[in-house]
Number of protein chains: 2
Amino acid sequence: MKKPTLQDVAAAAGVSYATADRVLNARGGVAEKSEARVREAIRRLGYVRDIHAANLSRRRVYAFRFLLPAGDHGFFARLRAALLAERPRRAADRIEIAFQEVPAFDAEALADALEALAPEDCDGLAVVAAESPRVAQALARLRAQGVPVVALVADAGPEARDFYVGVDNLGAGRTAGRLIRLAHGGGRRGLVLPILGTPAARDHRDRLEGLRQVLAEGPEPLAALPALEARDDPARMKALAREALRADPAPTAVYSMGAGNRGLIEALREAAPERRPMVALHELTPHSRKALAENLIDVVIDQKPAREIAAALDALKALADGRAIPAGLGAITPALHLKDNTPAAPSAREASGDLFA
Amino acid sequence: MKKPTLQDVAAAAGVSYATADRVLNARGGVAEKSEARVREAIRRLGYVRDIHAANLSRRRVYAFRFLLPAGDHGFFARLRAALLAERPRRAADRIEIAFQEVPAFDAEALADALEALAPEDCDGLAVVAAESPRVAQALARLRAQGVPVVALVADAGPEARDFYVGVDNLGAGRTAGRLIRLAHGGGRRGLVLPILGTPAARDHRDRLEGLRQVLAEGPEPLAALPALEARDDPARMKALAREALRADPAPTAVYSMGAGNRGLIEALREAAPERRPMVALHELTPHSRKALAENLIDVVIDQKPAREIAAALDALKALADGRAIPAGLGAITPALHLKDNTPAAPSAREASGDLFA
DNA sequence: CATGAAATGATCGACGTCTATCATCTCGCA
DNA sequence: TGCGAGATGATAGACGTCGATCATTTCATG
């Protein structure tokens, strides 16, 4: 009734432990016939290698490396904090997390960093990728050298990595559009103001596209203004938003799909509270939390960085162990937060990622 | 640089391995002075017991038992499917999941089942609890016998369990209210129809209370009809909903906080599609997915049963190992699904929980 | 039939911990 | 001074696997 060991498998296959081991660990030098009998015994007994005993024996620690964009604020800071928070927990499972910052939004710098990586000190790599030929090539080299690669948040293209963990940004944009439509129920007319960082960013483009799709749907399309480009800069955002909110006709809804929302929130706070537009924006930060609490905005769409980190680690572990990755692990569903379903803020220590304070 | 072993601790403390082991495993018979030195060495070296080596040595497998309400449909079926899906995955981590059904909504039957449990074949218990004296007492006995108890979905009271995993139903109801307010933007007047299973259910009561709080808030309260009691029965639900939708004035929003939504959806499908009310309901099922896709409803609030199961297992493991439970593990934030952010449906095999098909 | 390569068996010492046993040492106290 | 209880040390054998080494068997080939 208890779990069979490799010894049991060997006995069942009528071979020695050594031969069963040769098959299991693909050491070669086994006759086809014997190999078949061992595999059959494994199947029949439902043998599963005891990964923990194996790791103990071979003194294995999983060295996983994360390449994350630098940045002390906003989403990447949360991603980094989530990673550092996982570090001590995963240590108990022999997972050692190496963490390296690379310049944000810079495919060349990312490629440099990837090219500098040696496969021997890395059992798995998670990277906020970019769709660039050099990045793809650097990843191809690493994978050829046996390093599993997980793309995180931003994909490198289906061919360039083993697994992708991230949200569906088109779906996020469509969901924002859907919420905006909901807020224009009862046949109310509206004018939607989209704000993005830059159309050069793939995720922003996807969100905008999703928004437009839904606004254009159905018998009563909603009108949209041209998208503002705030370049993820709070000051610029504030100036643009202030002006746009004063325009006539005023927008009835605002969807900000990039960063720098602090500026937008300041502009909203200064504007007349009555008849403020419906506002949806991205990422749960101290500022957006506060804005929700103060009824300055309505919805925050969040990428759940902590979940993305956890999923990436689980995927890397599965890849390193040669196991199947559970279905749906990489498809992170963006969370919608309104005023009353916002999880408690992480403590200051966790948020800063400083676990040694 | 590598992780210290108990051998290292013993050497650093100037005692033998045997004494260090006596301290670590509280076997007694150690002088206070020695014990202090061992503890100090543990602290200084940052020693952490290698749980996997320890489990290997003592042939430990975690026997966790789940008591879930019976029922082939709806939420509990999803909870059960999620549990069975975790079973093979957790087996690799020496976690053995025993699973037992108890009659739903029956505190006495639950207490019977709990009283029948023997602590020796159970290293941890997760249970969809109820706030009843007998249940509390049965749980108290088990905990006194060293069995950690996690309440799942429905709490047993803060004193009666070690940990609670579940959603904040008041917050869920408030969020539904918030969405309904959002759908009545621009000063539109409205009439909200709440539907629950039974006011006897704590979660339904909490959701209703949350809804009412938010509807009553602010300078422009929204009116609500008396709550209908559908008793989680689709047929009854359909009849009640059909009648309510035809009333004059018709409701502008419907919030169904219980089960049996199939009936509500059928009633909506039969009603005039133009000017249908805004609809929010609970639990992502095949029916609610379909209704989202067909634009019959607007929002589905989901408890994320798979996440609740995973959190319960993680909590049980941490309790069994005497580790701290990560912050925020038990507080499941309910998910809001609109038409475009609904995760892919689990395959038929997964949904049925039948993994051997 | 001898030869050599390929296949197989047997076994050892790790890995870090647990459980157990037995021998030895250190005291206070009679 | 000697006794006994309590504290400590030393060590063995497991847990299931890995990575070796070395000896033995099998078998096609010349």
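In what follows, every chain begins at residue 1, and chains take the letters A, B, ... in the order their sequences are listed.
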Starting at [atom1] of [X] and ending at [atom2] of [N], how long is that distance when rounded to a whole Å?
{"X": "B:Tyr17", "N": "C:dT19", "atom1": "OH", "atom2": "P", "value": "10 Å"}
{"X": "B:Asn25", "N": "C:dT17", "atom1": "CG", "atom2": "C1'", "value": "9 Å"}
{"X": "B:Asp50", "N": "D:dT17", "atom1": "CG", "atom2": "C1'", "value": "14 Å"}
{"X": "A:Leu6", "N": "D:dG19", "atom1": "CG", "atom2": "C1'", "value": "13 Å"}
{"X": "A:Asp8", "N": "D:dT17", "atom1": "CG", "atom2": "C1'", "value": "13 Å"}
{"X": "B:Gln7", "N": "C:dT17", "atom1": "CD", "atom2": "C1'", "value": "11 Å"}
{"X": "A:Arg60", "N": "C:dA14", "atom1": "CZ", "atom2": "P", "value": "23 Å"}
{"X": "A:Arg27", "N": "C:dG9", "atom1": "CZ", "atom2": "P", "value": "15 Å"}

Short N/O separations, protein against nucleotides 21-26 of chain C, under 3.5 angstrom:
none

Which nucleotide in the set [options] lies at the smallest distance from any side-chain heavy atom of [X]?
{"X": "B:Ser57", "options": "C:dA14, D:dC18, C:dT17", "value": "C:dT17"}
{"X": "A:Leu56", "options": "D:dC18, C:dA7, C:dG16", "value": "C:dG16"}
{"X": "A:Leu24", "options": "D:dG9, D:dC18, C:dC18", "value": "D:dC18"}
{"X": "B:Asp21", "options": "D:dT17, D:dG19, C:dC18", "value": "C:dC18"}
{"X": "B:Ala53", "options": "D:dA14, D:dT17, C:dG16", "value": "C:dG16"}

_Closest non-hydrogen atom pair, B:Asp321 against B:Tyr62_ =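 Closest approach of B:Asp321 to B:Tyr62: OD1-OH, 2.5 Å.
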Flag, side chain of [X] to backbone of [Y], donor-acceptor distance under 3.5 Å:
{"X": "A:Arg94", "Y": "A:Arg60", "answer": "yes"}
{"X": "A:Tyr164", "Y": "A:Val153", "answer": "yes"}
{"X": "B:Asp123", "Y": "B:Ala63", "answer": "yes"}
{"X": "B:Arg141", "Y": "B:Leu114", "answer": "yes"}
{"X": "A:Asn55", "Y": "A:His52", "answer": "no"}

_Below the 4.0 Å mark, does D:dA7 have OP1 or OP2 next to a side-chain nitrogen or oxygen of B:Ser34?_
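No, outside the criterion.
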*OP1 or OP2 of C:dG9 sitting under 4.0 Å from any side-chain N/O of A:Thr19?*
yes
*Given that A:Glu32 and A:Arg94 both sit by DNA chain C, which one's nearest nucleotide is further toward the 5' end?*
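Its nearest nucleotide lies further toward 5', so the answer is A:Glu32.
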_For B:Arg58 and B:Val30, find the nucleotide of DNA chain D closest to each by heavy atoms; which residue's nucleotide sits nearer the 5' end?_
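It is B:Val30 whose nearest nucleotide is closer to the 5' end.
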*Would you call A:Arg43 and A:Glu40 a salt bridge, taking side-chain N to carboxylate O under 4.0 Å as the test?*
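Yes, A:Arg43 and A:Glu40 are salt-bridged.
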